[in-house]
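Structure first, commentary second.
Throughout, protein chains are lettered first and strands after them, A, B, ... in sequence-line order, and every chain is numbered starting at 1.
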Protein chains: 2
Amino acid sequence: MVSIKDIAQRAGVSISTVSYALNGSSKVTEETAARIIKIAEELNYVPHAAARSLKKRQSNIIGIFLTDFSGNFYGDLLQGVKEGLQGKGYDLIVCSGLQSHRMIPERMIDGAIILDETFADEELLQYANQGHKLVVLDRELIHPNINQVLLDNKAGASLAMDYLLEQGHDKIYVVSGPKGSYDVKQRMHAVEQVVDRSPHLEYIEISGDFTKASGEAAAKQIVDEYTRPVAVFCLNDEMAIGIYNYISNHTSLLIGDHVHLIGFDNIEIAQYVQPRLATIDYSNRKWGALASEQLLKLITGKSVDHERMYVTLVRGASVN
Amino acid sequence: MVSIKDIAQRAGVSISTVSYALNGSSKVTEETAARIIKIAEELNYVPHAAARSLKKRQSNIIGIFLTDFSGNFYGDLLQGVKEGLQGKGYDLIVCSGLQSHRMIPERMIDGAIILDETFADEELLQYANQGHKLVVLDRELIHPNINQVLLDNKAGASLAMDYLLEQGHDKIYVVSGPKGSYDVKQRMHAVEQVVDRSPHLEYIEISGDFTKASGEAAAKQIVDEYTRPVAVFCLNDEMAIGIYNYISNHTSLLIGDHVHLIGFDNIEIAQYVQPRLATIDYSNRKWGALASEQLLKLITGKSVDHERMYVTLVRGASVN
DNA sequence: GAAGTGAATCGAAACGTTTCTATTAGACAA
DNA sequence: TTGTCTAATAGAAACGTTTCGATTCACTTC
């Protein structure tokens with residue numbers, strides 16, 4: 001592999017001159033610079049990322065961490081992050097899995113966006129204490145090196161509950177999500193608030209884990225207990241899809257008729273199932289863009305403000 | 001940041017001893033090793049990835065390159081790759097965009113899986129010539145440092161065409177994909193073969209680019225020309241979904257009735273649209289696993305064989 | 001014409017590792 | 001006692017950069 005040293009030799013200059021020339025420093029004459037750059041191109045020179053980041057103490061890479069790659073969730077978010085980083089001199093890498101946590105302390109990346117339950121709060125705080133810059137999307141964490149862009153979960157859950165209430169229900173099944181999840185806590189909290197202020201309303205919590213399979217399990221329970229039309233609020237769309245699957249494969253009940261169903265996230269499938277799934281919408285793309293924007297501010301030492309992602313109700317024939 | 005040097009100082013040994021101890025070399029006494037490791041833990045030591053990979057000339061990271069993050073395509077593939085790498089000492093990063101190509105020549109990764117049209121063949125061959133190990137999923141490329149795991153596109157396209165033929169069609173619209181794409185060429189080639197051997201069959205090519213939008217545009221053309229029930233083969237499901245969108249929003253025609261439609265890829269949405277989209281199926285997860293397996297073989301110098309991904313027909317009410 | 005100035009270039013140290021070679025100190029044999 | 005061997009440890013070079021400080025040399029300036 002050709003290094004700066006080879007170029008120096010061929011050009012008859014010192015390696016420092018080559019480095020300056022290649023980095024566009026004004027310390028070197030235009031003509032020598034041009035000559036050096038030409039030689040570099042001829043030799044097909046490419047800088048060695050590890051060497052450079054060892055010396056410069058930065059890699060110009062930022063990482064986004066996801067719990068897993070499957071699911072219909074991430075495409076637009078990643079696209080948003082990528083766009084937010086466009087032209088800022090940073091490259092994006094996507095990581096998943098416990099193994100990959102090491103990228104942060106091993107200083108392979110200059111900053112991280114976290115949407116990954118497999119990180120513990122303490123772990124993240126430790127990284128932040130070591131000077132790493134983080135943006136968290138799935139928890140609340142106060143630290144000078146951490147910023148957060150959170151969904152307005154409470155507003156979303158309230159919207160969903162109110163929509164079901166409009167239909168005159170007095171009993172609502174709520175299919176929850178992973179226990180530790182911040183989003184779940186927030187959403188459940190809002191559910192309870194709605195119930196508290198509605199005299200004749202009760203809710204039944206069915207525990208889920210945000211997967212389709214757990215949606216199917218929930219559906220089974222709901223169907224087994226079925227006596228009259230019911231309302232169901234799934235804390236995410238993925239589980240709602242599971243409910244569609246179960247209901248249509250194992251029963252003759254109809255969604256939107258016997259089972260009034262609303263989800264959360266507005267994943268793409270939501271608009272293709274019959275009847276259309278009512279849900280809570282927000283722009284994943286914007287979320288990603290906001291996150292990367294905040295992270296760049298953190299890295300460059302600019303002041304940051306805690307942004308919030310607003311949500312809206314998407315009505316659908318799965319309710320009413 | 002604490003380095004090996006700090007540990008050495010604190011333990012009263014040389015840095016080489018620390019390095020040996022931390023790497024589990026048998027050159028150092030068990031007790032000193034234990035002592036050093038304890039200190040390292042106390043100090044919260046983490047190796048500096050860049051320094052290590054500069055010296056060792058490898059990063060223990062492999063990268064997968066995708067054209068873009070959006071689309072309903074990649075989840076399972078990535079999951080498969082990740083699983084294939086499990087416990088092999090390599091971490092996975094996902095990259096997208098022209099910018100990120102640099103990861104390869106800058107030696108940030110030890111190998112790459114390519115499913116990304118933004119790489120030119122020559123570019124990849126150049127990398128291979130420089131000793132980089134690659135597995136390509138979207139083209140045919142012969143080189144000792146390149147392996148390929150390709151879809152059986154021809155079989156898939158033939159299956160799709162034959163399925164439509166079974167319904168008695170004598171005219172088939174084929175919505176194609178990006179011009180340069182290997183998969184598209186293969187599929188179109190198979191289409192032509194089927195047409196050649198079927199006396200009374202003609203096909204009309206509509207150019208597409210694998211996006212939903214281009215599916216909608218194709219649908220418009222098909223609808224404008226509509227006189228009697230037609231058959232449509234979309235070279236991927238994404239465009240087929242575009243056709244669903246257009247037909248249901250702008251016409252009173254019915255898919256499966258007036259328009260017999262089949263796609264390719266069996267994306268998740270295909271099973272939720274009404275009527276179910278007929279398509280060509282293969283396991284993305286397996287594809288990814290195979291790819292990573294081949295890449296590891298390439299990296300460790302084992303002999304490789306060119307694997308192939310087989311496909312099957314998924315019947316659906318969108319045809320017939 | 002000597003001293004000073006500034007631009008261009010060079011040399012060397014440093015970043016944090018790994019690993020080759022050298023040193024040290026016991027253990028053992030003669 | 002002396003020498004040899006071995007196990008443990010230390011020292012130093014190297015990986016490919018960047019960057020600080022030093023050097024050179026052609027010009028001014030007085």
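At a cut-off of 3.5 Å, with distance as the only test, a side-chain donor of A:Y127 or A:E123 sits close to an acceptor on the other residue.
Of the candidates C:dT9, D:dG16, C:dT17, C:dT9 carries the atom nearest the A:T32 side chain, counting heavy atoms from C-beta on. Across D:dT17, C:dT17, C:dT19, the shortest atom-to-atom separation from the side chain of A:A51 is found for D:dT17. Of the candidates D:dA10, D:dT17, C:dC10, the closest approach to any side-chain atom of A:Y45 belongs to D:dT17. For B:T17, counting side-chain heavy atoms from C-beta on, the closest listed nucleotide (C:dG16, D:dT9, D:dT18) is D:dT9. Of the candidates D:dG16, C:dT17, D:dC20, the closest approach to any side-chain atom of B:R57 belongs to D:dG16. Of the listed nucleotides (D:dA10, D:dT17, C:dT17), C:dT17 has the atom at the smallest distance from the side chain of B:H48.
If you take NZ of B:K5 and P of C:dA14, they are 8 Å apart, rounded to a whole angstrom. Regarding A:K27, its NZ atom lies at a distance of 15 Å from the P atom of C:dG11, rounded to whole Å. Following rounding to the nearest Å, B:R52 (CZ) and C:dT19 (C1') show an atom-to-atom distance of 13 Å. Look at CG on B:D6: it is 13 Å from C1' on C:dC15, rounded to the nearest Å. Rounded to an integer number of Å, the gap from A:N23 CG to D:dG16 P is 17 Å. Atom CD1 in A:I4 sits about 15 Å away from atom P in C:dG11, given to the nearest Å. The distance between atom OH of B:Y20 and atom C1' of D:dA12, rounded to the nearest whole Å, is 11 Å. Between the CG atom of A:N60 and the P atom of D:dT17 there is a distance of 15 Å, rounded to whole Å.
Looking at which nucleotide of DNA chain D each of B:G12 and B:K55 is closest to, the 5′-most match is held by B:G12. Checking B:V28 against A:I15, the closest nucleotide of DNA chain D that is more toward the 5' end is the one next to B:V28.
With respect to the salt-bridge test (charged N to carboxylate O, under 4.0 angstrom), the residues B:K297 and B:D305 qualify. Salt-bridge formation is not detected for the pair B:D209/B:K179: no Lys NZ or Arg NE/NH1/NH2 atom is positioned less than 4.0 Å from an Asp or Glu carboxylate oxygen. In this structure, B:R285 pairs ionically with B:E83, as a charged nitrogen and a carboxylate oxygen lie closer than 4.0 Å.
Nucleic acid contact class of A:S19 (heavy atoms, under 4.0 Å, all strands): base. Within the nucleic acid shown, A:T29 comes within 4.0 Å of sugar-phosphate atoms alone, with no base atom in reach, counting heavy atoms only. Residue A:K56 is classed as a sugar-phosphate contact, given heavy-atom separations below 4.0 Å to backbone atoms only. Residue contacts for A:V18: at a heavy-atom cut-off of 4.0 Å it reaches no nucleic acid atom on any strand shown. The residue A:S53 sits apart from the nucleic acid: no heavy atom pair falls under 4.0 Å.
The base of D:dG11 sits within donor-acceptor range of the side chain of B:S16, with an N or O pair under 3.5 Å.
Between the B:D138 side chain and the B:D116 main chain, a donor and an acceptor come within less than 3.5 Å of each other.
Under the 30°/60° scheme for interplanar angles, the aromatic rings of A:H101 and A:F119 are found to lie parallel.
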